Undergrad: 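Below are the structure tokens for one structure; questions will follow.
Just so it is clear, the model here is predicted, and its values are computed rather than measured. Counting begins at 1 with the first residue of the sequence. Hydrogens, waters and symmetry mates are skipped; everything else that's a heavy atom, side chains included, is used.
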Amino acid sequence: ELLKMVDQRATVSFMANNGVKHEELQKLDAVSDVHVMKENVTMHTTHIQRTLRALIEYDQTHPMNFTDLQVHETNLEDVFLTLTGKNLRD
């Protein structure tokens, strides 16, 4: 129930070594938000599998040469941080 209070369910991050267009990634399936800082890309998603599938399909037509792919599922600590702005250890 608490996990539903947070907009995203997971974060997908990777390095886009050939560059990336923020606007195009924002349109990928189930992506709720995208942050790009140089080669580092972070996407918040509501459905991991759909976003990963869309990302791979996108890479086939717009090669990003992505590496260091990581997926982080939202947990209760993330919910606490979102709701309070503080880490559990603070």
Undergrad: Calculate, to the nearest 0.5 Å, the distance between atoms CG and CZ belonging to D29 and R50 respectively.
TA: 4.0 Å
Undergrad: Do T51 and T46 come within less than 4.5 Å of each other through their side chains, counting heavy atoms only?
TA: no
Undergrad: Any chance you could measure Q26, atom CD, to H35, atom NE2, to the nearest 0.5 Å?
TA: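 Reported value, rounded in 0.5 Å steps: 9.0 Å.
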Undergrad: Atom NE2 in H72, atom OG1 in T42: separation rounded to 0.5 Å?
TA: 11.5 Å
Undergrad: Between S13 and N40, do the side chains contain an N or O donor and an N or O acceptor separated by less than 3.5 Å?
TA: no
Undergrad: Examine F66 and I48 and state if one hydrophobic cluster contains both, with Ile, Leu, Val, Met, Phe, Trp and Tyr joined whenever side-chain heavy atoms are less than 4.5 Å apart.
TA: yes
Undergrad: Would you call F14 and M43 a side-chain contact if the rule is heavy atoms closer than 4.5 Å?
TA: yes
Undergrad: How long is the span from the CG atom in L52 to the OG1 atom in T45, to the nearest 0.5 Å?
TA: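 Taking CG in L52 and OG1 in T45, the distance rounds to 7.5 Å.
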Undergrad: If you define the side chain from C-beta out and look only at heavy atoms, does anything of V20 sit under 4.5 Å from L25?
TA: yes
Undergrad: Whether the side chain of H22 engages the backbone of V34 through a donor-acceptor N/O pair (distance < 3.5 Å, no angle test) should be reported.
TA: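 Yes, the answer is positive, given that a donor and an acceptor are paired below the 3.5 Å cut-off.
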Undergrad: Pairs under 3.5 angstrom only: tabulate donor-acceptor contacts from the side chains of residues 56-65 to other protein residues two or more places apart or in another chain.
TA:
residue	atom	partner	partner atom	Å
Y58	OH	E24	OE1	2.4
D59	OD1	M64	N	2.7
T61	OG1	Y58	O	3.1

Undergrad: Between atom CG of N17 and atom CD of E39, what is the distance when rounded to the nearest 0.5 Å?
TA: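 Nearest 0.5 Å value for the CG-CD distance: 7.0 Å.
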Undergrad: Consider only side-chain heavy atoms of I, L, V, M, F, W and Y, link residues closer than 4.5 Å, and tell whether V12 and M15 are in one cluster.
TA: no
